[in-house]
Participant: 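The structure's right below; bear with me while I get my questions together.
Reminder, nothing fancy here: chain letters follow the sequence lines and each chain counts from 1.
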2 protein chains.
Amino acid sequence: MSGKRSLIRSGTTVDQMVRAIGDRIVTGYLRPGEKLDETSLAARFDVSRTPVREALGQLSAMGLVERRPNRGAIVAVVTQEHLASIFESMAELEAICARFSAERMTSNERRRLEIEHQASARMVQLGAKEDYEYFNHEFHSRLYRGAHNTHIHDLTVMTRSRLAPFRRAQFMLPGRLAKSWQEHDLIVTAIMRGDSVAAGKAARDHVSIVSEASAVFAADDRKPIRRDVA
Amino acid sequence: MSGKRSLIRSGTTVDQMVRAIGDRIVTGYLRPGEKLDETSLAARFDVSRTPVREALGQLSAMGLVERRPNRGAIVAVVTQEHLASIFESMAELEAICARFSAERMTSNERRRLEIEHQASARMVQLGAKEDYEYFNHEFHSRLYRGAHNTHIHDLTVMTRSRLAPFRRAQFMLPGRLAKSWQEHDLIVTAIMRGDSVAAGKAARDHVSIVSEASAVFAADDRKPIRRDVA
DNA sequence: CTGGAGGCAATTGCATGCACTTTTTGCCTT
DNA sequence: AAGGCAAAAAGTGCATGCAATTGCCTCCAG
């Protein structure tokens, strides 16, 4: 190989591959079921097959990629049933995070949560889906961190990444933006008054609704269209 | 390299390495902090460095191994704080599994759970720690499966494997065996009568107690003794 | 036309080689 | 004797090569 691959940020080549391929899966650019050819990927990213292979192995360990011995790797394909189980897990995990957050967030964390949440109200008014999506992501991350439990945090983030391809389109549903904000509001209120039970319930309900909203789109998502790899 | 490595069961070489190294970590044969030298491991298992590298990468993705770029891999070392967070997560996960189990187990599953649980009472009477440990493991696995949620199952099993090195010695504590059985009994009873709330609480409490029991030994566990790799 | 056997191309799996980074060792200076 | 520096040793990271497996295509028999 020749030219030093530029762009893509630091870390070892393997890490870059994990991020690069993982991103493409999580963002839905690579569809479930799509073939991940080592040679093409290597060529596409201008590296040898070795780091690509290692990356695929790690992604497989994370559940984003499915590997059939001697038969190549594909983007993990989840059955409707498995997807439901992930969503349900997500609801429970978020409930735990919210519950712990209500009990453990520092006053600083509570303040920030409230402020950012209020700020996101503006995005709703403007109907700025993209921006709200960002706020939404941040909002949930705050809950995960606010639980002050590293392992739960990791599990939750991991689970969220597995859902990412399926929940992307959720804010396309009319009125979903405002509803989402109101659901967040319930969570925030509960957390602010330290009501862990209410916070947990609100968070669980929130995810359940997202789950249903996403199910609408999941139906469309089962044509593993073959597109150029990258 | 020469002789076909025999023994260790099938799958690709990488999978074998993942299992072999993972087992040694989970069973405590390799201690947290211990260096995992690619070359030695490769020599020990009579394979080249490549599959060992891939295995280490996957184990790292699973959290069992820690990888410092250019500086080798070590068995993941968890701080007392992180360990506590894993135990706490475990308690929550088990609570979820027990709760779902109470709601969803088939009558067959309930029957088997009860039967095996009663059978394990005999191990307690005999003080057969090893045997009880096996029953214990099975018991919890039943709960995980009984939840009828693949993803929760996976998360829970994963989390359990991370705790394995630290909870090995729990049954060494005098009287722990009988106490453990009684705690199981609470869980079983609640599940049998479909009381999900009680089942969840009983499971959470059970793990919390194990957590404390293990903490006693965790203190001893911080001499990352260097022993021969395998 | 269907089903299957055989061979070929494509792709994976593992081994090896080389470059680069980190760590160690031994010498020199203060 | 302690500290620092430099060169060597060790070990990781990636590329490449080769054997083995799979999947496909063709061709032939029924």
Side-chain angles (χ1 to χ4, degrees), chain A residues 1-22 30 33-61 64-76 224 226 228-230, chain B residues 1-21 30 33-61 64-77 224 226 228-230:
Chain A
M1 287 293 154
S2 51
K4 268 275 160 280
R5 67 223 68 109
S6 48
L7 307 173
I8 327 177
R9 46 200 183 286
S10 66
T12 69
T13 306
V14 174
D15 285 345
Q16 293 174 21
M17 290 302 103
V18 170
R19 279 197 300 267
I21 301 173
L30 293 169
E34 191 161 341
K35 238 191 119 205
L36 296 171
D37 176 66
E38 295 178 2
T39 313
S40 329
L41 286 168
R44 167 63 187 82
F45 293 115
D46 192 22
V47 296
S48 83
R49 278 177 49 222
T50 307
V52 172
R53 271 186 68 76
E54 290 192 28
L56 290 177
Q58 297 190 28
L59 290 165
S60 159
L64 283 177
V65 158
E66 210 168 309
R67 240 181 173 189
R68 297 95 37 101
N70 284 312
R71 309 185 51 240
I74 59 174
V75 176
R226 178 67 185 141
D228 204 11
V229 146
Chain B
M1 290 293 155
S2 52
K4 269 274 158 281
R5 66 221 72 105
S6 48
L7 306 172
I8 327 178
R9 44 198 187 290
S10 64
T12 70
T13 306
V14 174
D15 285 344
Q16 292 174 20
M17 292 300 104
V18 169
R19 278 197 300 266
I21 302 173
L30 293 169
E34 191 161 340
K35 246 193 107 196
L36 296 171
D37 177 65
E38 295 178 1
T39 314
S40 328
L41 286 169
R44 167 65 187 81
F45 293 114
D46 191 23
V47 297
S48 81
R49 278 178 48 224
T50 307
V52 172
R53 274 185 67 76
E54 289 192 30
L56 290 177
Q58 297 190 29
L59 289 165
S60 158
L64 283 178
V65 158
E66 209 168 309
R67 246 187 170 182
R68 296 97 34 104
N70 283 312
R71 309 189 50 239
I74 59 175
V75 177
V77 63
R226 178 65 183 140
D228 205 9
V229 145

Participant: Does a side-chain N or O from A/Arg53 land closer than 4.0 Å to OP1 or OP2 of C/dT12, or not?
Facilitator: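 A/Arg53 to C/dT12 OP1/OP2: no side-chain N or O under 4.0 Å.
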
Participant: It should be established whether A/Thr50 places a side-chain nitrogen or oxygen under 4.0 Å from OP1 or OP2 of nucleotide D/dC14.
Facilitator: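 No.
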
Participant: Could you state the CD-P distance from B/Glu38 to C/dC14, rounded to the nearest angstrom?
Facilitator: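 Going from CD in B/Glu38 over to P in C/dC14 covers 15 Å.
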
Participant: So if I take every side-chain heavy atom of A/Ser48 and compare against C/dT12, D/dG13, D/dT16, which nucleotide ends up nearest?
Facilitator: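 Among the listed nucleotides, the one closest to the side chain of A/Ser48 is D/dT16.
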
Participant: Listing time: all N or O pairs from protein to nucleotides 18-25 of chain D that are below 3.5 Å?
Facilitator:
from: D/dG23; atom 1: OP1; to: A/Arg71; atom 2: NE; distance (Å): 2.2
from: D/dG23; atom 1: OP1; to: A/Arg71; atom 2: NH2; distance (Å): 2.9

Participant: Whole angstrom is fine here: how far is it from CG in B/Asp46 over to C1' in C/dT16?
Facilitator: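 About 15 Å, once rounded to whole Å.
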
Participant: From C-beta outward on A/Pro51, which listed nucleotide comes closest to its side chain: D/dC14, C/dC14, C/dT12?
Facilitator: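 Given the options D/dC14, C/dC14, C/dT12, the side chain of A/Pro51 is closest to D/dC14.
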
Participant: How many angstroms lie between atom OG1 of B/Thr12 and atom CE of B/Met17, to the nearest 0.5 angstrom?
Facilitator: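 If I round to the nearest 0.5 Å, the distance is 9.5 Å.
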
Participant: About how many Å separate CG of B/Asp37 and CZ of B/Arg49, when rounded to the nearest 0.5 Å?
Facilitator: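 Answer rounded to 0.5 Å: 9.0 Å.
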
Participant: Quick one: which of C/dA15, D/dT12, C/dT12 gets closest to the side chain of B/Asp37?
Facilitator: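 Minimum distance to the B/Asp37 side chain belongs to D/dT12.
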
Participant: Over how many whole Å does the gap from B/Glu54 atom CD to D/dA15 atom P extend?
Facilitator: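 Those two atoms, CD and P, are 14 Å apart.
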
Participant: Got a donor-acceptor pair under 3.5 Å from the side chain of A/Thr12 to the base of D/dT12?
Facilitator: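 When only heavy-atom distances are counted, A/Thr12 does not reach the base of D/dT12 through any donor-acceptor pair under 3.5 Å.
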
Participant: Note down the inter-axis angle between the two ends of the helix from C/dC1-D/dG30 to C/dT30-D/dA1, five pairs each, to the nearest 10°.
Facilitator: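 It works out to 10° between the end axes.
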
Participant: Indicate yes or no: at least one non-hydrogen side-chain atom of B/Phe45 is less than 4.5 angstrom from one of B/Ile21.
Facilitator: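 Yes; the side chains approach each other to less than 4.5 Å.
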
Participant: Could you list the donor-acceptor pairs under 3.5 angstrom formed between side-chain atoms of residues 50-59 of chain B and any protein atom two or more places apart in sequence or on another chain?
Facilitator:
from: B/Arg53; atom 1: NE; to: A/Glu54; atom 2: OE2; distance (Å): 3.0
from: B/Arg53; atom 1: NH1; to: B/Glu38; atom 2: OE2; distance (Å): 2.9
from: B/Glu54; atom 1: OE2; to: A/Arg53; atom 2: NE; distance (Å): 3.1

